[in-house]
Amino acid sequence: MLRSSKVVYYAITTYLVSPPFRFVHSLTYQTTSAFLCLANHHSSHHPDSFLSPHRCSSSSAGASFSSHKNPRSLKSPYDYCSYRTTTTTAATTRTTNRTTSTNNTQRNMSNNSLDSSPTKANDEIATNIAHVKSKIQTTLQECNRSPDSVRLVAVSKTKPVEMLMEAYQAGQRHFGENYAQELMQKAEEMPNDVQWHFIGPLQSNKAGPLVKSLGLKKLVCVESVSSMKLAQKLDHAVQAWLDQHQEQQQPQQKDEKEGESGIAVLSDKEKKLGIYLQVNTSGEDTKSGVSNEKECADLAKEIVASCPNLRIDGLMTIGAPGDFSCFDVLVECRKSVADVLSVDVDSLELSMGMSGDYVEAIQRGATSVRVGSTIFGARDYAKK
């Protein structure tokens, strides 16, 4: 049976590659190569078969496909099968090598990124703070103002405590937060000498917990007071805190260290909570604050008369992006408040200017700027 198959095989291939049938030359190779592959199983069990590997020299097969880059020029069907097998194996090997190389490169890049990220974050925040402070000092010099006449408040809302600690290690002490619960949580983890500014809308029912949690040593200012309701809530909260924690003090006790309660002896000024009156200088419905100079002056007068535990330290505004006239409006409101309270206008601070416009705010008289994204990067409000 095998010998007859051999005769038929050679007869067919010889006839098909003769001149009249050269147009099917390529098809012959492809068809016979399939035949070879199917017969491979048989040849492995019958060593004497004409298809058995030992009947075809490996050296001659190698010479056949290595000397012909064009499969149409191969001399026999067995050469074509060897050619296709070898080239397919080589292509697979090259693809595998490229994939392995790419994976190794990506793995090395990932490892390098992970190794360098903490140092990069530390350097970046410290560098950002230094850059902002440098711009503040440059602007103050251009305006012939005192180098210490502007406070930098680092707005850290939605940022993790780790980033705040990086800013703290860079020398930053004043931090601003917009959410009461977030501020209370962070104050427990941050060092005691951090000075906290509450700069967002404060619900009246959050006033008591906020003051009770931080106390007057940590909570130095609530910058967003724009109603008597909130002012009265804060006043009552401060009184409750004083009743619970205030120690009997003598003049010589002012330098005394903190006691078991964690509360240092307070001066008369420190017995009051500092507040800023928020003014809506842009007239936008989305912004909080009193609407004009008269409302601001009236509110200031009523707070002084009704809230003995509060201290009006200044005024605050957010303003419209790019509209620097909002800063000028706040300056005018400060004059009206100073007149009604009979105090020096310079004794009232101006909290205005953020990451995009703090330089312009300083040029118009700001004494406190609130800078967040320029220091900590863009915020992710989903994590607040």
Side-chain angles (χ1 to χ4, degrees), residues 128-129 131-143 145-157 164 167-168 170-178 183 193-202 214 216 218-226 269-270 272-282 287-290 296 300 310-319 321 324 326-335 337-338 341 343-376:
N128 291 343
I129 291 176
H131 176 69
V132 172
K133 289 183 176 180
S134 176
K135 291 186 70 174
I136 290 175
Q137 290 304 312
T138 298
T139 306
L140 289 174
Q141 291 176 4
E142 294 173 350
C143 297
R145 294 178 56 182
S146 172
D148 58 353
S149 60
V150 172
R151 175 194 305 110
L152 171 62
V153 177
V155 180
S156 49
K157 61 180 179 181
L164 274 68
Y168 179 88
Q172 185 63 30
R173 292 296 180 270
H174 289 266
F175 291 84
E177 291 287 340
N178 285 56
L183 171 53
D193 62 336
V194 170
Q195 305 289 284
W196 296 99
H197 295 243
F198 187 84
I199 61 177
L202 180 62
L214 272 71
L216 300 184
K218 294 183 179 181
L219 184 62
V220 297
C221 187
V222 175
E223 299 195 11
S224 52
V225 177
S226 59
K269 181 180 179 180
E270 292 171 335
K272 296 185 177 184
L273 173 63
I275 64 170
Y276 290 171
L277 305 182
Q278 183 173 358
V279 183
N280 184 356
T281 56
S282 64
K287 304 288 177 63
S288 300
V290 296
C296 190
L310 302 183
R311 183 184 67 250
I312 299 178
D313 286 340
L315 293 78
M316 183 272 273
T317 192
I318 297 176
F324 304 142
C326 293
F327 302 146
D328 300 327
V329 173
L330 193 67
V331 171
E332 295 302 317
C333 288
R334 179 174 68 165
K335 293 179 181 178
V337 172
L341 298 182
V343 297
D344 182 12
V345 67
D346 292 332
S347 68
L348 297 175
E349 297 191 27
L350 292 175
S351 175
M352 57 188 192
M354 298 183 288
S355 289
D357 55 13
Y358 68 90
V359 170
E360 290 78 10
I362 294 173
Q363 292 171 346
R364 287 164 172 78
T367 61
S368 183
V369 293
R370 309 179 304 274
V371 180
S373 58
T374 298
I375 294 176
F376 297 107

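Note that the CD atom of Glu223 and the OG1 atom of Thr317 stand 11.5 Å from one another [nearest 0.5 Å]. In this structure, the separation between CE on Met316 and CG on Leu330 is 9.5 Å, given to the nearest 0.5 Å. We find the OG1-CD distance between Thr281 and Glu332 to be 12.5 Å, quoted to the nearest 0.5 Å. Between Lys272 atom NZ and Leu216 atom CG the span is 12.0 Å, to the nearest 0.5 Å. Atom CD1 of Ile318 is separated from atom CE of Met354 by 6.0 Å, given to the nearest 0.5 angstrom. Note that CD1 of Ile199 is 7.5 Å distant from OG of Ser351, once rounded to the nearest 0.5 Å.
A distance-only check finds a donor-acceptor pair linking the side chain of Lys287 to the backbone of Gly319 [under 3.5 Å]. One N or O on the side chain of Asn128 and one on the backbone of Ile375 form a donor-acceptor pair closer than 3.5 Å. Remark: side-chain polar atoms of Arg364 are not paired, donor with acceptor, to backbone N or O of Phe327 under 3.5 angstrom. The main-chain N or O of Ile362 is found under 3.5 Å from a side-chain atom of Arg145 such that the two form a donor-acceptor pair. Ser226 places no side-chain N or O within 3.5 Å of a backbone atom of Val290 that could act as its donor or acceptor partner. Judged by distance alone, with hydrogens and angles left aside, the side-chain atoms of Gln137 form a donor-acceptor pair with the main-chain N or O of Pro147 at under 3.5 Å. Under the 3.5 Å distance criterion, the side-chain polar atoms of Arg173 are left unmatched by any main-chain donor or acceptor of Asp193. The closest donor-acceptor contact from the side chain of Arg334 to the backbone of Leu348 lies under 3.5 Å.
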Would Val155 and Asn178 count as a side-chain contact (heavy atoms from CB on, under 4.5 Å) here? Give the steps.
CA-CA 8 Å; Val155 180; Asn178 285 56; 4.2 Å; yes
Please lay out, stage by stage, how Glu177 and Leu164 fare under the test side-chain contact (heavy atoms from CB on, under 4.5 Å).
CA-CA 11 Å; Glu177 291 287 340; Leu164 274 68; 4.2 Å; yes
Might you work through the side-chain contact (heavy atoms from CB on, under 4.5 Å) test for Tyr358 and Lys135, ending with a clear yes or no?
CA-CA 9 Å; Tyr358 68 90; Lys135 291 186 70 174; 3.2 Å; yes
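Looking at every heavy atom in both residues, Leu140 comes nearest to Ser149 through CD2-OG, 3.4 Å. Here the shortest heavy-atom pairing between Ala338 and Val345 reads CB-CA, 3.8 Å. Nearest heavy atom pair, residue Val279 against residue Cys333, reads CG1-SG, 4.0 Å. Across all non-hydrogen atoms, the minimal contact from Val369 to Val150 is CG2-CG1, 4.2 Å.
Side chains of Ile275 and Ile312 form a contact here, defined as non-hydrogen atoms less than 4.5 Å apart. Counting heavy atoms from C-beta on, the side chains of Asn280 and Ser282 come closer than 4.5 Å. Residues Val220 and His197 have side chains in contact (heavy-atom distance under 4.5 Å, counting atoms from C-beta outward). Between Val343 and Val337, the closest side-chain pair of non-hydrogen atoms is not below 4.5 Å.
For the side chain to side chain contact (heavy atoms under 4.5 Å, CB included) test, residues two or more places apart in sequence or in another chain that qualify with Thr374 are Val132, Ser355, Val371. Here Ala167 pairs with Ile125, Ile129, Gln172, Phe175, Phe376 under the side chain to side chain contact (heavy atoms under 4.5 Å, CB included) rule; sequence neighbours left out.
Pairs engaging residues 344-358 under the salt bridge (charged side-chain N to carboxylate O under 4.0 Å, His left out) rule: Arg151-Glu349 [sequence neighbours left out].
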